[in-house]
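The structure appears below as structure tokens.
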Amino acid sequence: MAEPPAPVEEICSDLIRFDTSNPGGREREAAEYVAVLLSDMGLDPRIIEAEPGRSNVVARITGTDPDAPALLVQGHLDTVPADPADWTRHPRGGDIADGHVWGRGAVDMKNAVAMTLAAVGAELAEGHRPRRDLVLAFLADEETGGRHGAGHLVSEHADLFEGCRAAIGEVGGFNVPTPSGPPVFAVSVADKGLRWYEVRERGVAGHGSMIARDNPIPRLAETTLRLVSAERPYTVTEPMRVLATRLAGRPVTEDADVADVLATRTGPFGRMLAAGIRSTVNVTRVGAGHKENVIPGEAWARFDCRFVPGHEEELHEHLTSGHGEGTEVSLLRRSPPVLSDHEGEWFGLLTEALRQECPGAEVAPFVFSGGTDNKWFRTLGMETYGFTPMLLPPEYDYPAMFHGVDERCPVEALRFGVRVMRRLISL
């Protein structure tokens with residue numbers, strides 16, 4: 001029988017101490033740490049690399065019911081970079097202090113990796129086997145698109161996921177603040193689609209001391225302001241109506257009422273959830289010129305645009321129409337949306353696991369404002385869900401932790417997640 005694993009907060013702390021910043025390509029040491037833990041559980045993990053250092057770990061646990069469809073539990077090992085000068089505690093210190101685990105990845109998403117390892121380890125140490133096969137995948141490269149991680153496994157090693165009919169990963173399974181009544185947990189059933197654009201304005205270069213004939217920078221500023229300030233119509237899908245209804249405790253059907261509930265009843269979650277009911281257009285990079293006394297011949301801006309499933313064409317029309325002569329718009333990258341069933345068996349299992357640990361809780365679907373590795377696994381025909389279960393304290397600003405300074409996760413939320421994951425494993 002396997003030895004009991006370390007406490008979840010210690011595993012999370014250990015993982016944070018590995019610098020897996022991406023860009024950077026250094027997942028190997030973290031992957032080896034995970035592989036050792038899995039081996040200690042009696043499993044046979046594989047480390048698979050698309051390129052040296054870009055390491056993924058995959059292991060399968062055979063269930064007791066060979067007819068039950070398998071479940072994939074996936075999480076990424078890489079993080080976005082962090083500058084220690086901006087932080088209260090070192091972003092790779094993994095400090096456990098003030099009831100939290102601190103550091104880059106504490107929320108995105110070494111916490112989920114730690115919860116999975118702690119839950120699986122505890123079940124196996126007690127001699128419990130899951131009913132269904134579980135495939136565990138700990139991935140590289142999610143933060144820059146997943147080509148070396150989930151994308152590589154899906155394209156080159158799809159056999160590892162044989163029999164998997166559903167996958168769980170980030171972001172979801174957290175409780176949304178409610179003024180009273182039982183907790184409402186939000187489980188992601190969709191990732192918005194992504195389109196990145198470059199808008200380039202061409203003009204006439206010249207000396208900075210003269211009257212400009214056609215300076216592209218002011219035109220770029222006008223174009224950018226028009227694109228980002230235009231009011232975006234609501235694009236409310238059924239999962240978001242269900243979420244608003246659960247939060248309000250009454251039927252909410254009108255789009256404007258859904259928006260009002262999300263804005264007034266969700267505290268710090270409002271910014272993230274409101275982005276799930278409309279397409280978003282954000283300028284993220286700009287560039288022009290090379291010297292102070294030279295009017296440049298061109299200027300450019302790049303835009304991160306996300307669209308609700310079913311609303312891609314109208315977003316593209318907004319970005320590409322209404323421009324004057326000299327404006328060029330290029331699509332740099334596209335990633336499709338994904339949408340899974342929020343009324344079927346798999347969502348029911350996630351709901352049951354949460355309610356077993358938190359009796360009386362409400363569970364509702366939502367559309368995640370960003371994208372996750374679930375998009376890759378959806379191409380294999382799996383239903384995909386954001387499910388990193390945590391019961392969060394009311395004063396905790398969970399959305400601000402993603403890619404933020406002083407990222408940290410409550411220890412009690414991690415322990416709650418382990419208990420829920422153990423219940424899910426047994427279903």
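Judged by distance alone, the side chain of Glu49 and the main-chain N or O of Asn56 form no donor-acceptor pair under 3.5 Å. For Lys375 (side chain) and Val338 (main-chain N/O), no donor-acceptor pair under 3.5 Å exists by modelled atom type. Without hydrogens or angle criteria, Asp98 side chain to His100 main chain gives no donor-acceptor distance under 3.5 Å. Between the Trp196 side chain and the Leu331 main chain, no donor and acceptor come within less than 3.5 Å of each other. Of the possible donor and acceptor atoms, none in the side chain of Asp95 sits under 3.5 Å from a partner among the backbone N and O of Ala97. Trp376 places a side-chain N or O within 3.5 Å of a backbone atom of Gly145 that can act as its donor or acceptor partner. The main-chain N or O of Ala361 is found under 3.5 Å from a side-chain atom of Arg355 such that the two form a donor-acceptor pair.
Contact annotation: the side chain of Ile168 never approaches that of Leu72 to less than 4.5 Å [non-hydrogen atoms, C-beta and beyond]. Taking 4.5 Å as the limit, every side-chain heavy atom of His90 sits out of range of all side-chain heavy atoms of Trp102. Between Arg423 and Leu354, every side-chain heavy-atom pair lies at or beyond the 4.5 Å cut-off. No side-chain heavy atom of Phe368 sits under 4.5 Å from any side-chain heavy atom of Val189. Contact annotation: the side chain of Thr245 never approaches that of Val261 to less than 4.5 Å [non-hydrogen atoms, C-beta and beyond]. Residues Leu134 and Pro130 have side chains in contact (heavy-atom distance under 4.5 Å, counting atoms from C-beta outward).
Here the closest heavy-atom approach between residue Thr266 and residue Pro177 is recorded as O-CD, 3.6 Å. Shown here for His323 and Thr320, the closest heavy-atom pair between the two residues is CD2-O, 3.5 Å. Heavy atoms only, all atoms of each residue included: Ala140 and Asp78 are closest at C-OD1, 4.0 Å. Nearest heavy atoms, Met382 versus Cys164: CG-O, 3.5 Å. Minimum interatomic distance between Pro268 and Pro399 (heavy atoms only, all atoms of both residues): O-CG, 3.5 Å. What you find for His207 and Ile295 is that their closest heavy atoms are O-CD1, 3.5 Å.
One finds a salt bridge joining Arg202 and Glu328 here, because a Lys/Arg side-chain nitrogen approaches an Asp/Glu carboxylate oxygen to under 4.0 Å. Ion pairing between Arg378 and Asp191 fails under the 4.0 Å rule for side-chain N and carboxylate O.
Heavy atoms of other residues, nucleotides or ligands lying less than 6.0 angstrom from CD of Glu238 number more than 12. When the shell of 6.0 Å around CD of Glu29 is examined, it contains 12 or fewer heavy atoms from other residues, nucleotides or ligands. In Arg333, the CZ atom is crowded: over 12 heavy atoms of neighbouring residues, nucleotides or ligands sit closer than 6.0 Å.
Remark: the Lys110 side chain and the Thr79 side chain contain no N/O donor-acceptor pair separated by less than 3.5 Å. Under 3.5 Å, the side chains of Glu314 and His311 contain a donor-acceptor pair of N or O atoms. For Asn282 and Thr284, the side-chain atoms include no donor-acceptor pair closer than 3.5 Å. Donor-acceptor pairing under 3.5 Å is lacking for the side chains of Glu198 and Ser330. With no hydrogens or angles considered, no side-chain donor-acceptor pair links Glu142 and Thr372 at under 3.5 Å. For the residue pair Arg147 / His152, no side-chain donor-acceptor distance below 3.5 Å is found, with atom types taken as modelled. Checked by atom type, the side-chain pair Asn374/Glu170 shows no donor-acceptor distance below 3.5 Å.
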Criterion side chain to side chain contact (heavy atoms under 4.5 Å, CB included) on Leu427 and Gln356, from CA distance to verdict | CA-CA 11 Å; Leu427 294 176; Gln356 284 184 1; 3.7 Å; yes

Run the numbers on Val171 and Thr388 for side chain to side chain contact (heavy atoms under 4.5 Å, CB included), then give the verdict.
-> CA-CA 6 Å; Val171 172; Thr388 301; over 6 Å; no

Could you walk me through whether Ile11 and Tyr33 pass side chain to side chain contact (heavy atoms under 4.5 Å, CB included), step by step?
-> CA-CA 10 Å; Ile11 298 175; Tyr33 169 87; 3.9 Å; yes

Evaluate the salt bridge (charged side-chain N to carboxylate O under 4.0 Å, His left out) criterion for residues Glu222 and Arg226: first the C-alpha distance (whole Å), next the side-chain angles of each, then the deciding distance (0.1 Å), finally the verdict.
-> CA-CA 6 Å; Glu222 293 172 359; Arg226 176 174 61 83; over 6 Å; no

Given side chain to side chain contact (heavy atoms under 4.5 Å, CB included), test Asp341 with Phe347 step by step and report yes or no.
-> CA-CA 7 Å; Asp341 183 10; Phe347 193 87; over 6 Å; no

Chi angles and distances behind the salt bridge (charged side-chain N to carboxylate O under 4.0 Å, His left out) call for Glu9, Arg415 | CA-CA 8 Å; Glu9 61 270 26; Arg415 295 172 179 171; 2.7 Å; yes

Is there a side chain to side chain donor-acceptor pair (under 3.5 Å) between Arg17 and Ser13 once you walk through the steps?
-> CA-CA 7 Å; Arg17 293 192 184 101; Ser13 174; 3.0 Å; yes

For Asp406 and Trp87, run side chain to side chain donor-acceptor pair (under 3.5 Å): C-alpha distance rounded to whole Å, both residues' side-chain angles, the deciding distance at 0.1 Å, then the answer.
-> CA-CA 5 Å; Asp406 285 344; Trp87 287 56; 5.7 Å; no

Passes salt bridge (charged side-chain N to carboxylate O under 4.0 Å, His left out), Arg200 versus Glu298? Steps please.
-> CA-CA 7 Å; Arg200 190 171 290 269; Glu298 63 180 22; 2.6 Å; yes

Glu312 and Arg334: salt bridge (charged side-chain N to carboxylate O under 4.0 Å, His left out), yes or no, with the steps?
-> CA-CA 10 Å; Glu312 183 171 9; Arg334 175 188 180 271; 2.5 Å; yes

His316 and Tyr197: CA distance, side-chain angles, deciding distance, side chain to side chain donor-acceptor pair (under 3.5 Å) verdict | CA-CA 9 Å; His316 181 65; Tyr197 291 89; 2.7 Å; yes

Would Ser55 and Glu27 count as a side chain to side chain donor-acceptor pair (under 3.5 Å) if you check the C-alpha gap in whole Å, the side-chain angles of each, and the deciding distance to 0.1 Å?
-> CA-CA 6 Å; Ser55 305; Glu27 293 97 349; over 6 Å; no

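Each of Asp108, Asp373, Asp141 was compared with His76 under the side chain to side chain donor-acceptor pair (under 3.5 Å) criterion, and only Asp108 meets it.
Under the salt bridge (Lys or Arg N to Asp or Glu O under 4.0 Å) criterion, Glu143 pairs with no residue at all, not counting sequence neighbours. Under the rule for a salt bridge (Lys or Arg N to Asp or Glu O under 4.0 Å), Arg232 has no partner lying at least two apart in sequence or in another chain.
Remark: Arg302 qualifies as a cation-pi partner of Trp300 under the 6.0 Å distance and 45° angle criteria applied to the six-membered ring.
The aromatic ring centroids of Phe185 and Phe174 lie 6.0 Å or more from each other.
Between Tyr398 and Phe269, the ring planes are tilted. Angles from 30° to 60° get that label.
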